[in-house]
Amino acid sequence: MLKELLNCYKVAFKTRFEDFLNLSPELVEERDSDEQIDFEGVVSLVGITGEKKGRVIFYLSEEFLKMLYRLIYGEEESLNEMELYAVAAEINNIISGNAITLFNNESSKRLFLSPPSIFSGKLSITTPRINSKDLIYKIGNLKIAVSIGLEGGI
Amino acid sequence: MRVMITDDSPMIHKLLKKMVEEAGHEVCFIAENGKEAVENVLKVNPDLIFMDITMPVMEGIEAVKKIREMNVNVPVVFLSALGDDKTINSTKSLGIAGFLTKPFRKEDLFNLLKKVEGENA
């Protein structure tokens, strides 16, 4: 099931960035997630609920969020932290919403999403009892990591 | 038209307000969840509500059911990143004016505004 969901994320990530932001994300790595992840930056977390439980984490740099903000609003004005966090929350919400839409339309199972939560700073993230995969994307010279995990896993 | 936005995302508030105003309409109230929309709909009396689905406190479909129970027949456009067939079908009995999937294009939003304005005239 994780494999099918992962494929939906790959399609959603590529099409949303290409169609709406004119960006070409390149999937540079796919790997099993480490049990503990240390990260400094902005983390956007969305919970998966419904017939299967899980979570999706976007690891985002400030530079990447600033670039998205400029593309979405067409503004160059200085950003405050809350505006950056709002972009981080919505990018996960949109990609996850689109991926879950694809999944639900193709599957007999039905999944839902929880509203996003944002964390920032130096973080150490551990999610035991979950099987998780990381997708590492490169857009220009910026990297984004997406970790998709489901209880019970593959 | 006077438009109410119901969404938990400050990014969507800003983006939608900008587009609604560009189309010549007024954003009369921004609710951050379904409960705020239900509590304010009679007081604000909007001509149209944009309603997100996944929100904390009270989600969008439940909020529209409550608004309909209050005999308020304001047009509602659902605006959600989650747009699978079952979700869209579950909104149809609520007499909605449209369903926009996030991310949405400005032209699609403008077309919906025109359609609702035409139906309200």
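Note that the structure is predicted; figures quoted are calculated from it, not measured. Numbers restart at 1 for each chain; the letters A, B, ... are given by sequence-line order, proteins then strands. All heavy atoms count here, side chains included; hydrogens, waters and symmetry mates do not.
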Engineer: For B:K65, give me all partners under side-chain hydrogen bond (donor to acceptor under 3.5 Å, both in side chains), at least two apart in sequence or on another chain.
Structural biologist: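 B:K65: no side-chain hydrogen bond (donor to acceptor under 3.5 Å, both in side chains) contacts found.
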Engineer: With a 4.5 angstrom heavy-atom cut-off, is it the side chain or the backbone of A:S114 that approaches chain B, or both, or neither?
Structural biologist: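 Looking at A:S114, just its backbone touches chain B.
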Engineer: With sequence neighbours left out, which residue pairs that include part of residues 66-81 of chain B fulfil the side chain to side chain donor-acceptor pair (under 3.5 Å) condition?
Structural biologist: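 Found none.
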Engineer: Membership question, hydrophobic clusters at under 4.5 Å side-chain separation (ILVMFWY): are A:L65 and A:V56 in the same one?
Structural biologist: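 Yes; tracing contacts between hydrophobic side chains, which count when under 4.5 Å, links both residues.
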Engineer: Grouping I, L, V, M, F, W and Y whenever their side-chain heavy atoms are under 4.5 Å apart, do B:V77 and B:I67 come out in a common cluster?
Structural biologist: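 Shared cluster, no.
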Engineer: Establish whether B:I12 and A:L21 are linked, either directly or via other cluster members, by ILVMFWY side-chain heavy-atom contacts under 4.5 Å.
Structural biologist: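 Yes, B:I12 connects to A:L21 through the hydrophobic network.
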Engineer: Measuring heavy-atom distances to chain B, does A:I72 have an atom under 4.5 Å in its side chain, in its backbone, in both, or in neither?
Structural biologist: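 For A:I72, heavy atoms of backbone and side chain both lie under 4.5 Å from chain B.
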Engineer: Would the number of heavy atoms belonging to other residues, nucleotides or ligands and lying under 6.0 Å from CG of A:D38 be above 12?
Structural biologist: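 Counting neighbours around CG of A:D38, more than 12 heavy atoms of other residues, nucleotides or ligands fall under 6.0 Å, so yes.
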Engineer: Would you mind telling me which of A:N104, A:L113, A:I100 has the largest number of heavy-atom pairs within less than 4.5 Å of chain B?
Structural biologist: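 Answer, by heavy-atom pair count under 4.5 Å with chain B: A:N104.
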Engineer: Tell me whether A:K53 at atom NZ has more than 12 heavy atoms from other residues, nucleotides or ligands lying less than 6.0 Å away.
Structural biologist: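 Buried by this count: over 12 neighbours within 6.0 Å.
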Engineer: Got more than 12 heavy atoms from elsewhere within 6.0 Å of CE, A:M82?
Structural biologist: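 At most 12 heavy atoms, drawn from other residues, nucleotides or ligands, come within 6.0 Å of this atom.
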Engineer: Under 4.5 Å, heavy atom to heavy atom, which residues of residues 83-116 of chain B contact chain A?
Structural biologist: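 Those residues of residues 83-116 of chain B which have a heavy atom under 4.5 Å from chain A are B:G83, B:D84, B:D85, B:K86, B:T87, B:T101, B:K102, B:P103, B:F104, B:R105.
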Engineer: Counting only non-hydrogen atoms closer than 4.5 Å, can you tell me which residues of residues 20-58 of chain B sit against chain A?
Structural biologist: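 Residues B:T54, B:M55, B:P56 are the ones that qualify, each having a heavy atom under 4.5 Å from chain A.
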Engineer: Find the one option among A:F103, A:F20, A:F112, A:Y85 whose heavy-atom pairs under 4.5 Å with chain B are most numerous.
Structural biologist: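 Option with the top pair count is A:F20.
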Engineer: Is A:K66 atom NZ crowded by more than 12 heavy atoms from other residues, nucleotides or ligands, each under 6.0 Å away?
Structural biologist: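 No, the 6.0 Å shell around NZ holds no more than 12 heavy atoms from other groups.
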Engineer: If you compare all heavy atoms of A:P115 against all heavy atoms of B:D8, which two are closest, and at what distance to 0.1 Å?
Structural biologist: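 Of all heavy-atom pairs spanning A:P115 and B:D8, the closest is CB-OD2, 3.7 Å.
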Engineer: Starting at CG of A:N93, measure out to CE of B:M11 and round the result to the nearest 0.5 Å.
Structural biologist: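 Reported value, rounded in 0.5 Å steps: 9.5 Å.
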Engineer: Checking A:T15 against chain B: side chain, backbone, both or neither under 4.5 Å from a heavy atom?
Structural biologist: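 Neither part; nothing is under 4.5 Å.
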Engineer: Kindly work out whether a path of hydrophobic side-chain contacts (I/L/V/M/F/W/Y, heavy atoms less than 4.5 Å apart) joins A:L71 to A:F17.
Structural biologist: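 The answer is yes; both residues are in one hydrophobic cluster.
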Engineer: Answer yes if A:L2 and A:L111 sit in the same cluster of Ile, Leu, Val, Met, Phe, Trp and Tyr residues linked by side chain heavy atoms under 4.5 Å apart, and no otherwise.
Structural biologist: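 The answer is yes; both residues are in one hydrophobic cluster.
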Engineer: Does CD in A:E18 sit with more than 12 non-hydrogen atoms of other residues, nucleotides or ligands closer than 6.0 Å?
Structural biologist: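 Counting neighbours around CD of A:E18, more than 12 heavy atoms of other residues, nucleotides or ligands fall under 6.0 Å, so yes.
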Engineer: Quick one: closest heavy-atom pair of A:Y73 and B:K18, and the distance?
Structural biologist: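 Closest approach of A:Y73 to B:K18, heavy atoms only: O-NZ, 2.9 Å.
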